[in-house]
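Down below is the structure, laid out as structure tokens.
In the text below, chain A, chain B and the rest are named by the order of the sequence lines, each starting its count at 1.
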Amino acid sequence: AQSVAQPEDQVNVAEGNPLTVKCTYSVSGNPYLFWYVQYPNRGLQFLLKYITGDNLVKGSYGFEAEFNKSQTSFHLKKPSALVSDSALYFCAVRDTYGQNFVFGPGTRLSVLP
Amino acid sequence: DGGITQSPKYLFRKEGQNVTLSCEQNLNHDAMYWYRQDPGQGLRLIYYSQIVNDFQKGDIAEGYSVSREKKESFPLTVTSAQKNPTAFYLCASSIDGLAGGVGTDTQYFGPGTRLTVL
């Protein structure tokens, strides 16, 4: 069965500092990994995905994520955080055998001015 | 949120009533999904549909029903059998369907409906 863990409920970072939001996963086959962001009372917005190829994936709004197969991780990163990045971030995984996404519990990112 | 609309944005229901949440997409996607989101939890899949006139139960289908009579529409009915229906409901769609998506397709989400039972 597929599963996703986001070990931190909350991440606080100062504006201008680099940020990392962690995600680890478990799948049976090859993983397809996604990051989404959710602002208050809104739907989820797609940020980026890893399907195959380069382990470093670049996405929207300056975010990137690094796929690490040996550590089964897909951490979300940004070199310089903005206050407007404050939101709820979800990691999701799908494998070649699964029909659907499995979402992590979410990590709330707060960027402090 | 572009391409997927959900209505209403807020919905209030009395106990014992059925209510229907609307989800429409103009992205020509085959697959559509309904999720429930509760505070502090991730999204949980209620139902999904890969093609018109076909749908499958997700992880928490009890107390819910759906239909997929048109490709563009996937309404969700929250029945009186759902014990704790107060939640934020999200609809999503993706390109893949029975034509053979292998999980690479991105799901795109609507803006959500917040349902409150009074």
Return yes when atom CZ of B/Arg114 has more than 12 non-hydrogen atoms of other residues, nucleotides or ligands closer than 6.0 Å, and no otherwise. yes
Answer yes or no: does atom CD of B/Glu69 have more than 12 heavy-atom neighbours from other residues, nucleotides or ligands under 6.0 Å? no
Checking heavy atoms, do the side chain of A/Tyr50, its backbone, both or neither come under 4.5 Å from chain B? neither
Heavy-atom count around B/Gln17 CD within 6.0 Å, excluding the residue itself: above 12? yes
If you count heavy atoms of other groups shown closer than 6.0 angstrom to OH of A/Tyr61, is the number above 12? no
Return the minimal non-hydrogen interatomic distance between B/Tyr33 and A/Arg94, and the atom names on each side. OH-NH2, 3.6 Å
With a 4.5 angstrom heavy-atom cut-off, is it the side chain or the backbone of A/Asn41 that approaches chain B, or both, or neither? both
Go through the atoms of A/Leu33 and report whether side chain, backbone, both or neither lie under 4.5 Å from a heavy atom of chain B. neither
To check you understand the geometry: which heavy-atom pair defines the closest contact between A/Phe90 and B/Gln37, and what is its length? CZ-NE2, 3.3 Å
Is there a path of hydrophobic side-chain contacts, each under 4.5 Å between heavy atoms, that joins B/Ile46 and B/Val117? no
Portion of A/Gln6 that has a non-hydrogen atom of chain B nearer than 4.5 angstrom: neither
Over 12 foreign heavy atoms within 6.0 Å of NZ, A/Lys22: no
Kindly indicate whether the side chain of A/Tyr36, heavy atoms from C-beta on, has any atom under 4.5 Å from the side chain of B/Thr106. yes
Using non-hydrogen atoms and a 4.5 Å limit, figure out which bit of B/Leu90 sits close to chain A: side chain, backbone, both or neither. side chain
